[in-house]
Amino acid sequence: MSDSRAPAAQAPALRAALARTWGETVALFAHVPFGVSLLAIWAVLTLIGVIVEQGRDPSYYAGAYAPPLARLILRLDIENIYHSPAYIGVLGLIICSMAAATFTKVIPRRIPRLNPVKIDAIPLHARLRVAGDPDAVRARLAAFFSSRGWQVRKRAFGGTEWTFADKSNWARRGVLVAHVGFVLIAVGTTIYWATGYSGQFAVLSGQTATIPQNGTKVALERFAYRIDPVRTKAGIVYQPIDYVSDAKVTARDGVTRDAVIRVNHPYDANGTLIYQSTYGFAIDFRVTHDGVPVPGPDHPLKEGEGFVVDGTTRAIQYQRFVGTIDRATGMPGADPRPNDPGVIVVAFDGDRPIGQALLPLGVPVDLGAGYKLEAARYVLYSGFQYRYDPGIPVVGIGAFVLLAGLCVSLYFVPARLFIIVRESGAGTSEVGVAATTVKGYDVFEDRFREIVEALRRDAPSVPHANEAAPAPVLGAV
Amino acid sequence: MDPTRELIDQVLLKTAIAAYATGALVLFAYFLTRNGLYRKIGAPLAILGCAAQLVELGTRWWMTGIWPLTNLYGSLSLFSALGVAIFVIFALRYDLWLVGGPVVAVSAIALAYGTTWNEGYMPAVPALQSYWIKIHVPIVISAYASFMVAFCVSLIYLMKAYGETRFAARRGAVRGIAATAGGPPVDLTLSASTYAATPALGSARIDTPATSQAAAAGDALAQWLEGLPSLARLDVMQYRVIAIGLPLLSLGIITGAMWAKEAWGAYWQWDPKETAALVSWIVYAGYMHLHTRPEWRGVKTAWISVLGFATIVFCYLGVNIWISGLHSYKM
C-alpha cells in the first residue's frame, strides 16, 4: 500500500515543479534581452556565413585557410552554415521566444486595464487649475479629447471619478502583427522545404533536357547573347547586354509551347519557373594518334569537364573558353566574343596536373607520342535554373504583414492619458493629467506638451500662474 | 555622351562636392560655436549640394537613357544626397541642425569616394535590366542614408552622455541611470530638462546638475555640453531616424527578394549581400526591441546604433568590393 501511495503523493509536487519550471522557461523566453541575445547570435552566425564562402569543396577551405581554421570550418558546418543544425536551432529558439513574448506580453497588454495612478509619479504629468466645478470640467475635458480623436472612458475608483483617454490603442497590436508576419515567413519557407524543389541544368543548342522532378522537357532551339564594347574612362569594357534562349517547353500538361527565356523574364511551366541563368561554349574535342582518330569524348564538353586520352594515363580537362586570342601576344584577349576563339586546357597525368595550354580552335596541337588534340568547334549552350516553390505566396504575405506590423508599431504611438479632476475652491477645479505610452515617455513629450498647451487654451478664465505644476518641456536645443 | 553634356555633368558634380565640403565645415563650426550665422550659411550649402546631386543624377538619366543607379558611383551619389535630404527634413522639423556637420561631412566623403568608381556611362548588365532596379535600389539607399543620419545623432548622444558622466564623476557622485535606479527621484530642475523624471521610470536622460553647475562655474566644455540638445531629445531623434530606416530596409529586402525571384529563381539565395543586409536588419530590430526597455535605452542603444551603421557600411561597401556574389556587378 505504501509503495502505491508514495507516487500518488508525489504527483502534485511534481506537477507543481513542472509548472514552475515551465513558467520560468516561458518567462525567460519572453524576456526581451533574452530574445535580443538570440537575435545577436543569429546575426553573428549570418555574418560568419557572409565572410566564409559557402558551399565550397573541402579542398577549397584547406587551401584558403590555415589548417586548424579549415578543420574548424568543416567540423562546425560553417561551410554550410545556413543549413547547419546550429543556425536552424537558433531560428527555432527565436520563434519560441517570439511566441512566448507574444502570448505572455504582447497579447495580454494589447488592451491594458483602466486603473487609477499617482499622477505625480508619472514623469509626463501636469496640473492645471481651470474654471468650473468638477462635473462641468470633466464634461468639457471629455468633449475636448473626443473632438481630437481620443477614446474617452470614465471609471470611478473609491468614489473618485477618473477619465481615461486613449489614442491609437489599435496600434498596440503592431508588435503582434509583426510577429505573425515573421512566423508566416517561416511557414512559407517550411512549405518549400517540404514540397518544393529546385535545380539547374544546361542544354546544348538543338538538344533537349528534362527536369527530373516533374518531367518538363526543355528543347533549346537557339541561344543568343549580345555583348557590346563600351568606352569607359578605364578603356574599352565588353559589357553583356542580353542573354536569350529560344526554346520549346513541354510541361506536365503535355502541351508544347514556344518559350523565350531571358534574364529577369522566367518562363512559367505549370507552376515551375525556368530561369535563364548562364551560358557557355561547349567544345567538340578530337584526338588522333599517328593521324588515326582515337575514341574521345562522346559529346561536346562544357567548362570543367574532361576526358582520358585513350590508351594513355593522360587526361585533358577543358578549363575555359577564350573568345579572342590576341595574335600579337598569343594570350587571351579582352574581347569575350568568339572572333578568333580558342580554349584553355589542362593536361593531367593521373591526378597530377602537368601543364596547360591555349589551343586555337580548329588547329591540332601535338600531345607527344604521336597524339594530337584539336578543339574542333564550339556549340553554344544555355544554363537554366528551375524552381517550384508553393510557399512563395505565404512568404510574400508574411513579408508584407511583417512590414505592416513594423510600420504600425513604429509610426503610431499608443498613448493613454489619466485625468483626475478635483474641486479646488472658488469655483475652480484642479485637473491632473499624466500620460503613458508603450515606448517610454521621451518619445511622447512633445506631443504631451502640445496637449497641455491646448488644454490651457481651452480652459478659460484661470491664469497660468495658478497652475500647480508646469507642463513638461524638452531640454533646450 | 557629347562634351557639352559631359560638362554639365561635371559642373553639377563639382558644385555638389564643393557645397558639401564647405557646408560641412560651416556646420561643424555651428556645432562647435552655436553661432546662428554658421547655420544660416551651412544649411543652404547642404541643400544646394543635395539639389545639385539629384539634378546631376537626373540629367545623367535624361541624357543617356541609362538608369544612373547601376553602379557604385550612382548609388553612393544617391546615398549622400538622401543622407543630406533626410537630415534637412529632420533639422527643419525638429531643429536638429547641430547634426549637420557630421552628416554633410560623411555625405561629402561618400560622394568623393563614389567619383573614384565613376567609369562613365555603361549600359546595365542583363541582371540589372529590370524595373525593380528603380524600386529596390532607391529604397535600400534611403535606408542606408537614414542609418547614416542616425549614426551621426548617436555619436553626438554618446559625446554628450560621456561628457556629462565625466562631470558627474568629477563631482563625486554619478547620478546616472545605473546609480539611481530604484532610488528616489533625481531633481533635474537645474539641468536643461525641466520635468522630474525618475530614471527608473524609463527616461533616457542622464542629464545631471553637475554639468549645469560646472557650466555656471565657467567650465567651457560644460557650457558647450549644456548647449547640446538634451540626451532625451537626442535619443528620441535617433529612434525616429532609425524608425524611418528600419521599415525602408525591410521593404528593400522584400523588394530585393521579389526581384531575386524574378531574376535568379529564388527569393532568397543566401548571397553575401542579402545576408549582410539581414545582419543589419537584425541589429536594428534588436535596437528597436531594446529601446522599449528603460534600462537599455540611452547609451547602450546609442552604441547599438553605431554598431548597426558599421554593419551597413560592411553590407554596402565591404560586400560590394571585397566579397564576390550575385551582387558583384562590374562597378
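Values in this document were obtained by computation on a predicted structure and should not be read as measured data. When reading the values below, keep in mind they use all heavy atoms of this one structure, side chains included, and skip hydrogens, waters and symmetry mates. Residue numbering restarts at 1 for every chain, and letters A, B, ... go by the order of the sequence lines.
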So which heavy atom on [X] is nearest to which on [Y], and how close?
X: B:A124; Y: A:Q239; answer: C-NE2, 4.2 Å
X: A:T46; Y: B:T275; answer: CG2-O, 3.5 Å
X: A:D389; Y: B:Y267; answer: OD2-CE2, 3.1 Å
X: B:P247; Y: A:Y411; answer: CG-OH, 3.3 Å

Is it the backbone or the side chain of [X] that comes under 4.5 Å from a heavy atom of chain B, or both, or neither?
X: A:V175; result: neither
X: A:Q54; result: neither
X: A:L39; result: both
X: A:V50; result: both
X: A:L45; result: neither
X: A:L47; result: both
X: A:S37; result: neither
X: A:V230; result: side chain
X: A:L403; result: side chain

Return the option, out of [options], with the maximum number of heavy-atom pairs under 4.5 Å with chain A.
options: B:P123, B:G286, B:S250; answer: B:P123
options: B:T292, B:V283, B:L278; answer: B:L278
options: B:S130, B:A285, B:C315; answer: B:S130
options: B:W268, B:W296, B:Y239; answer: B:Y239

With the side chain counted from C-beta on, respond yes when B:R297 and A:K439 share a heavy-atom pair under 4.5 Å apart, and no when they do not.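 A side-chain contact under 4.5 Å is absent here.
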Shorter than 4.5 Å, heavy atoms on both sides: which option in [options] has the most such pairs with chain B?
options: A:Y386, A:Y243, A:W42, A:F384; answer: A:W42
options: A:S277, A:P33, A:C407; answer: A:P33
options: A:I392, A:D242, A:I227; answer: A:I392

Output the distance between atom CD1 (A:I41) and atom CD1 (B:I282), rounded to the nearest 0.5 Å.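 The CD1 atom of B:I282 is 11.5 Å from CD1 of A:I41, to the nearest 0.5 Å.
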Under 4.5 Å from a heavy atom of chain A, the part of [X] involved:
X: B:I254; value: side chain
X: B:R34; value: neither
X: B:A257; value: neither
X: B:Y287; value: neither
X: B:M237; value: neither
X: B:W281; value: side chain

Is it the case that atom CD in A:Q200 sees more than 12 heavy atoms from other parts of the structure closer than 6.0 Å?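 No.
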Counting N and O atoms only, with roles assigned by atom type, does the side chain of A:D442 sit under 3.5 Å from a partner on the main chain of B:A232, one being a donor and the other an acceptor?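 Not a single qualifying donor-acceptor pair exists.
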Counting distance only, does the side-chain N/O of B:Q129 pair as donor-acceptor with the main-chain N or O of A:N264 below 3.5 Å?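 Side chain of B:Q129 to backbone of A:N264, a donor-acceptor pair under 3.5 Å: no, none is there.
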Using 30° and 60° as the class limits, which term best fits the ring planes of A:Y82 and B:W270: parallel, tilted or perpendicular?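 Because their plane-to-plane angle is under 30°, the rings of A:Y82 and B:W270 count as parallel.
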